[in-house]
Structures are given as C-alpha cells and as structure tokens.
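All of these numbers come straight from a predicted model, not from anything done at the bench. Lettering of chains follows the sequences in order, A, B, ..., and the numbering in each one begins at 1.
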Protein chains: 2
Amino acid sequence: MDVSPSSDFNECGSASAKALAAKLAALSHPARIEILKHLSGNRACCCKDVVQQLDLAQSTVSQHLKVLVEAGLVRFSAERQRSLYEIDREALAGISASVAGLVDTCCSSRPA
Amino acid sequence: MDVSPSSDFNECGSASAKALAAKLAALSHPARIEILKHLSGNRACCCKDVVQQLDLAQSTVSQHLKVLVEAGLVRFSAERQRSLYEIDREALAGISASVAGLVDTCCSSRPA
DNA sequence: ATCGTCTATCGTCGATAGACGATGGACGTT
DNA sequence: AACGTCCATCGTCTATCGACGATAGACGAT
C-alpha cells in the first residue's frame, strides 16, 4: 500500500497521518534501525543472525522483526527451520517519499 | 546534525540510530503530524489555535507541542501571554534527508 | 483590584512498548 | 528415538505514552 508521495497531504487527511505515523513508529527505535541496516547488507537473514549482531535477547529481536514485518518494511518467509527476513526496499523508499512529501507540503504551504 | 548518507551507516552506529529514532519518534504520532501540517500553513500558531483545530484537550496539545519542540522540529517563542510555535523547516528537511540517507544506504548496500 | 484568557505543569489513569526468561513446536542430525 | 537448533509465543515486569481534568502563573482588559 503506497502512501502517495505528494497527493493526499493536501487535505487534513487524518487517515494518511495515521498511516504515516504507524510506519514511522516502526522506524523509531534504534534497534529496528540497526536491524534494517543489517538486513540491507545481506540477502536475507534469519533471526539468530540478527541476534548475534545486536546483543539483545532472541525473543526481543523476534519481536522487533515482527514489528518491522507488520509495518511492511521487511518481508518474511519461512524456510525449513529458519525464518528469513528480507528488507523491502520499495516500502522503505515509500516511507522516504512520504516523509519528503510531508516536508514538501510543510515548506510549500509557507504563508508569506 | 547530519547523518551522512553513506558514511557511518556502515558501522553499527548506535549513536546515529538513536538520534534518528528519537526524531522519528516525535513524528510518529498522527496528532503531531497534523500539528505540523497546521503549523506549516500559518506563520506562527499559539496553543489555543491548534487546540481548536484538533479536538484534543489543551493540556494534551501542549504536551504534543512540547514533544515537537524538544525534538527540534518546532521553534518556540513566548509572546506576551501566548506561546508561539513555528515550524522549523530546516529541521524537518534534515529528517527527510536522514530518512533518505538511511533508505539510500539500505538500497545501495544491496548484496547481489 | 478583579476578572477572563492563555498556557504549562502536575497528578492520575489505562494502554502500550520494550525487555527478558521460559516454553513448546518444527526441523535436522546423530 | 533422542538430541540440538532455531524460532515464535506466552507471561511478566517496568517504563513510557497519551489522554484528561485541575491548577496555577502570566498577562490584558475592565
């Protein structure tokens, strides 16, 4: 689901605000940012891989991954016994565009 | 506070991750996004103005504004009895750049 | 001086986030 | 079959968020 970069920011759009806020919330945790950076460097990572990188409990990492998946920033695929997580670059780019759109709106609707 | 688009995302960089996460956290609430959009349409707004727009209690709006100010996204200046809040477009642009940098890093460090 | 307005802060409350350990299921290996 | 590995989920705990009403301070107006 794409948040169009510069269309529906015009109206009040509590809906779009909520959608963007939800995605930003998923990004607004240092561990999840680190996870994304780690995922970006590898084709697909299993949970344990991320755990070894982050110095957090496995259950904690699993939850962070779940948050990222539910926000649509990371794709999930179950392999045999492993779970593979892969970064969704398009979704990430969509967020970047949404933020840029918001900033754009805020800068262009300058009053004077 | 620039997060260089492609330098310190290589190392673990928990510091930059925390800084970005903090700013995104300020953005990750629908009411605060709405406040930003409202502020962008006016030169400077007082608290009551935002209250009338948002259908939230005055104390709640005041707290949201405080969050935005502390995150550096909104500038604060005390007038006589009013408090004037003005959007900080540069800071907002900085966040946009940071997010773009993160996404860029995630897309460029593509493995294969 | 008194009243009304605007605002920040305090105190409270419920809900949620974030962390962990423990557990159990699925699967590969021996 | 028995064990080890990987993982998601559950339960728990603490801390924080988000909302509100109430309050008090600052100021203008009367």
After noting the C-alpha distance and the side-chain angles of B/C107 and A/L92, does the key distance pass the side-chain contact (heavy atoms from CB on, under 4.5 Å) rule? CA-CA 9 Å; B/C107 290; A/L92 220 47; 5.8 Å; no
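For B/Q58, taking side-chain heavy atoms from C-beta onward, the closest of the listed nucleotides D/dG18, C/dT7, D/dG21 is C/dT7. Closest to the side chain of A/L56, from the set C/dC20, C/dA8, D/dC7, is C/dC20. Candidate nucleotides D/dC7, D/dA22, C/dA19 were compared by shortest atom distance to the side chain of A/R82, and D/dC7 ranks first. Each of C/dA8, D/dC20, D/dC7 was ranked by its minimum atom distance to the side chain of A/K48; first place goes to D/dC7. Here C/dG28 is the nucleotide among D/dC7, D/dA22, C/dG28 with the atom lying nearest to any side-chain atom of A/Q81.
Taking 4.0 angstrom as the limit, A/T60 places a side-chain polar atom (N or O) nearer than this to OP1 or OP2 of C/dC20. For D/dC6, neither phosphate oxygen OP1 nor OP2 lies less than 4.0 angstrom from any side-chain nitrogen or oxygen of A/Y85. For the OP1/OP2 pair of D/dA19 and a distance below 4.0 Å, the side-chain nitrogens and oxygens of B/H29 include at least one atom meeting the criterion. In this structure, A/S62 does not reach the D/dC7 phosphate: none of its side-chain N or O atoms is under 4.0 Å from OP1 or OP2. Listed pair A/K66 / D/dT9 meets the phosphate criterion, a side-chain N or O lying under 4.0 Å from OP1 or OP2. For the pair B/H64 and D/dA19, the criterion of a side-chain N or O lying under 4.0 Å from OP1 or OP2 is met.
Using Watson-Crick or G-U wobble geometry with both donor-acceptor distances under 3.5 Å, C/dT9 finds its partner in D/dA22. Of all nucleotides present, only D/dT5 satisfies the Watson-Crick or G-U wobble test against C/dA26, with each distance under 3.5 Å. Both distances falling under 3.5 Å, in either a Watson-Crick or a G-U wobble arrangement, place D/dC27 opposite C/dG4.
To the nearest angstrom, C1' of C/dA19 lies 13 Å from CG of A/L54. Summarising the geometry, the separation between CD1 on A/I33 and C1' on C/dG18 is reported as 16 Å, rounded to the nearest angstrom. We find that CD1 of A/I35 is positioned 13 Å from P of D/dC7, with the value rounded to whole Å. For the pair A/L27 CG and C/dG18 P, the computed distance is 12 Å after rounding to whole Å. Computed from coordinates, the A/K18 NZ to D/dG18 C1' distance equals 15 Å when rounded to whole Å.
Between A/H38 and A/L54, the closest side-chain pair of non-hydrogen atoms is not below 4.5 Å. You'll find the side chain of A/I33 reaches within 4.5 Å of the side chain of B/L102, heavy atoms only.
Residue-to-nucleotide proximity on DNA chain C shows that, of B/Q63 and A/R80, the 5′-proximal contact is made by B/Q63.
Between the B/S98 side chain and the B/G94 main chain, a donor and an acceptor come within less than 3.5 Å of each other. Proximity of a side-chain donor or acceptor of A/N42 to a complementary backbone N or O of A/C45 within less than 3.5 Å is not detected. Checking side-chain atoms of B/R32 against main-chain N and O of B/A25 turns up a donor-acceptor pair under 3.5 Å.
Among the heavy atoms of the strands lying under 4.0 Å from B/S83 are primed sugar atoms or P, OP1, OP2 only; no base atom is included.
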